[in-house]
Amino acid sequence: MSHLVSSADPSDTSSGSRGSAGSAPGSPTSQSGAGGRTGFFGRPRGRPELYSSYRQEQALFNTRAKAVGAAILIGIAVLLPFNVSDDLLRILGLGLVLAIGGIGLNLITGYAGQISLGHAFFVGVGAYTASVVAGDPEGRALGLGITFVPVWIIAAGAMAALCGVVVAPLATRLRGLYLAVVTLGLVFLGTYIFTEWSSVTGGPGVGREAPRPVVFGNDLTLDSAFTSDQKLYWFFLALLLIGALAARNIARSRIGRAFGAIRDRDIAAGVMGVDLARYKLIAFTVSSFYAGVCGSLLFVANRHFGPEQFGLIMSIQFVAIVFIGGAATISGSIMGALLIASLPRISAEVAHLFPFISTAPNASPNIFEVEAILYGGLIVAFLLFEPRGLYGVWLRMRMYWKSFPFTY
């Protein structure tokens, strides 16, 4: 230990004289402070994991590889509609919308550690708020006729966030299984309200039309120079990038660190000075806002929705997105949502490979049963063999190639 301290001792005049004699005051060698050249991110070249401050470690892209990789992925995502059929774009667009809701649930469950099974309720609130704000005033269901896209998307998120604020005080008194049961009750309460309030929802078995996204006078649901599926895909992608960036900044801020402390041990966090009531309120509010935005876009992606679809199955779907993708990861939420959205297509492809699987719902086995088996099997498999989800698989692959050819 003594030789490490002495080698870094600023009173060592011999090393200081060698550094001043061998490099100019403004050269990269003298600026590094250790005789090495500094890279683009302010760390010595060749040492991507060496940080000299918390700011560097918590940066949005703390290595050049992450920044380049993110740019490449975004570029591929933007150019994808030119090389993919519209039916596949429809599935990917649905996955992007589900990813927004998955990020919201991940903020409260993965980052803040608050178990919530009522996500479908907030998604439904956002969906019907957007439909009312953008709906036809002369239609059979209630509508205000405000078709400006930012208005009805923000209104959907705000109304869902307001419901989250109402529910949040329960989180300060309950935790664990008790909180999960309370949030589960919201799903059944929401199903009853959505079913009975037919002037807003259109009623069971009937539903109502989705709001029409009009951007700068261009209706995204109509074909023009680009198909409607292409335009909706780009629209969903842009909103997902905004939501993912905002969530990533929340996670690496003071609020995110407070979420982590509450998740690990809320009693200890309170002793250390973390305001539990305040940060749990923030967690529920932000998560509900994401759910509301997801609901407004989910209506657009599916073109039509009935009140019976915002039930327990949808809540389980979002929980599966979090656990399959990876808890407390933004990119994991996106990967999990894309996989869950692709399950119907995967089931159809399995039916083509195995002729004994029927496409008729009254036959057995059919593709719907295969989808349910895949759905449940993925959840069990990831919880047992890879609790970190798809993001954990990616971490294993990355560590393998970083340490290759060594195994340690």
Side-chain angles (χ1 to χ4, degrees), residues 97-134 144 146 148-174 179 182-187 189-190 193-194 197 200-201 211 236 239-251 253-256 258-259 262 275-300 305 310 314-315 318-319 321-322 330 333 337:
V97 174
L98 291 177
I100 297 176
I103 290 173
L105 183 60
N106 218 336
L107 284 173
I108 188 172
T109 300
Y111 284 96
Q114 306 300 301
I115 302 176
S116 175
L117 297 178
H119 213 57
F121 169 75
F122 301 108
V123 172
V125 169
Y128 287 119
T129 300
S131 297
V132 169
V133 173
L144 302 180
I146 303 175
F148 187 51
V149 170
V151 172
W152 54 261
I153 289 180
I154 294 175
M159 182 59 69
L162 182 61
C163 294
V165 170
V166 174
V167 176
L170 298 175
T172 61
R173 299 176 177 271
L174 303 172
L179 179 60
V182 169
T183 55
L184 181 61
L186 289 176
V187 176
L189 178 62
I193 294 175
F194 297 151
W197 202 356
V200 172
T201 65
F236 297 150
L239 292 178
L240 173 60
L241 291 177
I242 294 172
L245 180 62
R248 183 70 183 91
N249 284 326
I250 291 174
S253 67
R254 176 182 298 178
I255 296 176
F259 285 174
I262 295 172
D275 190 342
L276 299 181
R278 176 172 178 261
Y279 285 107
K280 287 184 179 181
L281 174 64
I282 293 174
F284 268 93
T285 304
V286 174
S287 174
S288 302
F289 181 86
Y290 273 83
V293 172
C294 171
S296 66
L297 300 178
L298 198 61
F299 227 153
V300 175
F305 247 118
F310 298 100
M314 179 176 285
S315 285
F318 281 107
V319 172
I321 287 173
V322 171
I330 303 301
S333 301

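Scope of the values below: all heavy atoms of this structure, side chains included, with no hydrogens, waters or symmetry mates.
- F284 approaches A168 most closely through the heavy-atom pair CB-CB, 3.9 Å.
- No side-chain heavy atom of I146 sits less than 4.5 Å from a side-chain heavy atom of W152.
- The two residues F318 and C294 make their nearest non-hydrogen contact at CZ-SG, 3.8 Å.
- V132 is listed as a side-chain neighbour of V200, based on a closest heavy-atom distance under 4.5 Å.
- In this structure, Y111 and I250 have side chains that are not in contact, with every pair of non-hydrogen atoms separated by 4.5 Å or more.
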Please assess I321 against L105 for the test side chain to side chain contact (heavy atoms under 4.5 Å, CB included), listing each intermediate value before the final yes or no. CA-CA 9 Å; I321 287 173; L105 183 60; over 6 Å; no

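- Put simply, CD1 on I330 and CG on L240 are 10.0 Å apart, with the number rounded to the nearest 0.5 Å.
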Using the side chain to side chain contact (heavy atoms under 4.5 Å, CB included) rule, take I262 and Q114 through it: C-alpha gap first, then chi angles, then the decisive distance, then the call. CA-CA 9 Å; I262 295 172; Q114 306 300 301; 3.7 Å; yes

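- In terms of modelled atom types and a separation under 3.5 Å, the side chain of S315 and the main chain of A120 share a donor-acceptor contact.
- Counting heavy atoms from C-beta outward, I115 and T183 have side chains that stay 4.5 Å or more apart.
- In this structure, the side chains of R254 and Y279 come closer than 4.5 Å at one or more pairs of heavy atoms.
- Scanning all heavy atoms of the two residues, the minimum distance from A161 to S288 falls at CA-CB, 3.8 Å.
- Although no hydrogens or angles enter the test, the distance criterion places a donor-acceptor pair under 3.5 Å between the side chain of S296 and the main chain of V293.
- With a 4.5 Å cut-off on side-chain heavy atoms, F236 and I100 do not count as touching.
- Put simply, the side chain of H119 never gets that close to the backbone of A291: no donor and acceptor are under 3.5 Å apart.
- A156 and G126 get closest at one heavy-atom pair: CB-O, 3.1 Å.
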Stepwise side chain to side chain contact (heavy atoms under 4.5 Å, CB included) check, I153 with L239: CA-CA 10 Å; I153 289 180; L239 292 178; 3.8 Å; yes

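- Summarising the geometry of Y290 relative to A246, their closest heavy-atom pair is OH-CB, 3.6 Å, with the distance given to 0.1 Å.
- Residues L98 and L298 have side chains in contact (heavy-atom distance under 4.5 Å, counting atoms from C-beta outward).
- From I103, atom CD1 reaches atom CG of L107 across 7.5 Å, with rounding to the nearest 0.5 Å.
- Side-chain contact between L174 and V182: present, with at least one pair of heavy atoms (C-beta onward) separated by less than 4.5 Å.
- For the atom pair I255 CD1 and R278 CZ, the distance stands at 6.5 Å (nearest 0.5 Å).
- No donor-acceptor pair closer than 3.5 Å links the side chain of S333 to the backbone N or O of V322.
- Centroid-to-centroid, the aromatic rings of F299 and Y128 come within less than 6.0 Å.
- Note: S116 OG to F122 CZ = 6.0 Å, rounded to the nearest 0.5 Å.
- Scanning all heavy atoms of the two residues, the minimum distance from A127 to G295 falls at CB-O, 3.4 Å.
- Note on ring orientation: taking the six-membered ring where Trp is involved, the planes of F194 and F121 are parallel (angle under 30°, cut-offs 30° and 60°).
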